[in-house]
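Here it is, the structure, as structure tokens.
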Amino acid sequence: MKFAFYKYDFGYIKIGYENRNVLLLQKCETPDEENSPNCFTDEVNLQLKEYFNGQRKKFDIQFKMHGTEFQKKVWKQLLKIPYGQTRTYKQIAESIGNAKACRAVGMANHANPIAIIIPCHRVIGSNGNLTGYAGGLEFKKYLLQIENEN
């Protein structure tokens with residue numbers, strides 16, 4: 001896997017890729033690998049900028065999910081959450097046929113390697129509170145505000 005880093009107001013976005021597939025997308029403070037951008041990662045970055053500016057609601061990027069079967073099942077459900085909407089951990093657990101798997105859904109969200117594109121930020125607590133996010137709760141709040149304003 002190669003990596004490309006793009007600077008934003010909140011830090012960097014790290015794109016891990018192989019061929020023309022995103023394998024990793026995460027917020028980070030500074031580049032921590034060799035920076036190898038190319039035309040593909042430039043396109044990913046362009047779509048991310050459009051998303052952050054409220055101009056893009058759906059990504060048109062190839063990606064590959066690497067995880068357990070359970071994680072992939074959860075991540076596929078996350079992809080079904082419409083832009084600007086949220087679901088609870090319980091709703092996701094129920095949608096995969098295991099209503100008692102709320103904590104496991106949370107762990108799958110935490111392990112999501114392709115944040116933003118696989119929108120784990122759209123999952124909230126049953127009481128409506130923002131809970132857990134690998135990029136930090138402030139970043140989760142920021143992403144949800146972008147989607148609720150557009």
Side-chain angles (χ1 to χ4, degrees), residues 1-89 91-98 101-102 104-124 130-148 150:
M1 178 174 7
K2 291 184 179 181
F3 301 94
F5 295 86
Y6 294 89
K7 180 90 172 101
Y8 287 84
D9 291 340
F10 52 76
Y12 287 85
I13 291 286
K14 178 180 184 178
I15 303 168
Y17 66 97
E18 210 168 67
N19 302 318
R20 293 189 58 81
N21 287 293
V22 172
L23 304 177
L24 176 107
L25 186 83
Q26 66 186 67
K27 175 182 165 279
C28 62
E29 296 302 315
T30 59
D32 59 358
E33 305 277 350
E34 182 179 333
N35 194 11
S36 300
N38 62 21
C39 294
F40 172 68
T41 62
D42 288 347
E43 175 60 28
V44 174
N45 182 53
L46 175 64
Q47 289 191 30
L48 286 167
K49 281 184 176 181
E50 291 170 349
Y51 169 81
F52 290 126
N53 289 330
Q55 300 164 318
R56 176 173 290 276
K57 296 183 183 195
K58 205 169 193 177
F59 291 97
D60 183 25
I61 296 169
Q62 287 188 188
F63 59 89
K64 282 190 180 176
M65 294 185 273
H66 292 284
T68 67
E69 288 308 310
F70 179 83
Q71 289 170 333
K72 289 178 190 176
K73 192 185 283 192
V74 169
W75 300 336
K76 286 177 184 174
Q77 287 302 309
L78 301 182
L79 289 166
K80 295 178 183 179
I81 304 172
Y83 180 95
Q85 294 185 25
T86 58
R87 299 291 183 271
T88 66
Y89 294 95
Q91 288 173 317
I92 299 298
E94 289 171 346
S95 73
I96 62 169
N98 189 347
C102 299
V105 167
M107 294 304 292
N109 278 10
H110 185 73
N112 174 11
I114 310 173
I116 305 169
I117 293 173
I118 299 177
C120 55
H121 62 277
R122 294 180 187 153
V123 184
I124 61 173
L130 300 186
T131 58
Y133 188 66
L137 287 181
E138 283 302 310
F139 193 57
K140 182 174 188 167
K141 183 178 178 181
Y142 171 71
L143 296 175
L144 291 173
Q145 283 176 335
I146 288 169
E147 294 187 13
N148 287 320
N150 296 293

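Nothing fancy with the numbering, it's 1 onward along the sequence. Owing to the predicted nature of the structure, the values given are computational and were not obtained by experimental measurement.
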Heavy atoms from other residues, nucleotides or ligands near NZ of K72 exceed 12 (cutoff 6.0 Å):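 Result for NZ/K72: enclosed.
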For S95, all residues meeting side-chain hydrogen bond (donor to acceptor under 3.5 Å, both in side chains), sequence neighbours excluded: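 S95 satisfies side-chain hydrogen bond (donor to acceptor under 3.5 Å, both in side chains) with Q77 once adjacent residues are dropped.
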Test side-chain hydrogen bond (donor to acceptor under 3.5 Å, both in side chains) applied to Y142 - qualifying residues, sequence neighbours left out: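 Checked Y142 against side-chain hydrogen bond (donor to acceptor under 3.5 Å, both in side chains); zero matches.
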Residue pairs, two or more places apart or on separate chains, that pass side chain to side chain donor-acceptor pair (under 3.5 Å) and touch residues 106-122: Y51-H121, H121-E147, R122-E147
For Y6, side-chain hydrogen bond (donor to acceptor under 3.5 Å, both in side chains) partners two or more places apart: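 T41, D42.
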Counterpart residues, side-chain hydrogen bond (donor to acceptor under 3.5 Å, both in side chains), relative to K14 (two or more places apart): D32
K141, NZ atom: more than 12 neighbouring heavy atoms under 6.0 Å: no
Residues forming a side-chain contact (heavy atoms from CB on, under 4.5 Å) with A104, sequence neighbours excluded: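 Once residues adjacent in sequence are excluded, the partners of A104 under the side-chain contact (heavy atoms from CB on, under 4.5 Å) criterion are F70, A101.
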Under the salt bridge (Lys or Arg N to Asp or Glu O under 4.0 Å) test, residues paired with E50 that sit two or more places apart: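 E50: salt bridge (Lys or Arg N to Asp or Glu O under 4.0 Å) contacts with R56.
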pair I114-W75: side-chain heavy atoms closer than 4.5 Å: no
Close side-chain approach of M65 and Q71, heavy atoms under 4.5 Å: no
Any R87 side-chain heavy atom under 4.5 Å of P82 side chain: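 Heavy-atom side-chain distance check passes, below 4.5 Å.
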Whether over 12 other heavy atoms sit under 6.0 Å from M1 CE: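 Count over threshold, so yes.
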Close side-chain approach of I81 and T86, heavy atoms under 4.5 Å: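 The answer is no; the side chains never approach within 4.5 Å.
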Ring pair (Phe, Tyr, Trp, His ring centres under 6.0 Å) involving Y8 - partner list, sequence neighbours excluded: F10, F52
Show me the side-chain donor-acceptor pairs of residues 17-24 shorter than 3.5 Å, one per line, residues at least two apart or across chains.
from, atom 1, to, atom 2, distance (Å)
Y17, OH, S36, O, 2.3
N21, OD1, Q62, NE2, 3.4

Exam field: side chain K58 to backbone Y83, donor-acceptor pair closer than 3.5 Å: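 Side chain of K58 to backbone of Y83, a donor-acceptor pair under 3.5 Å: no, none is there.
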V44 side chain reached by I13 side chain, heavy atoms, under 4.5 Å: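 With C-beta onward as the side chain, the pair stays apart.
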Heavy-atom side-chain contact between I61 and L25 under 4.5 Å: no
E29: salt bridge (Lys or Arg N to Asp or Glu O under 4.0 Å) partners, not counting sequence neighbours: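 Residues passing salt bridge (Lys or Arg N to Asp or Glu O under 4.0 Å) with E29: K27.
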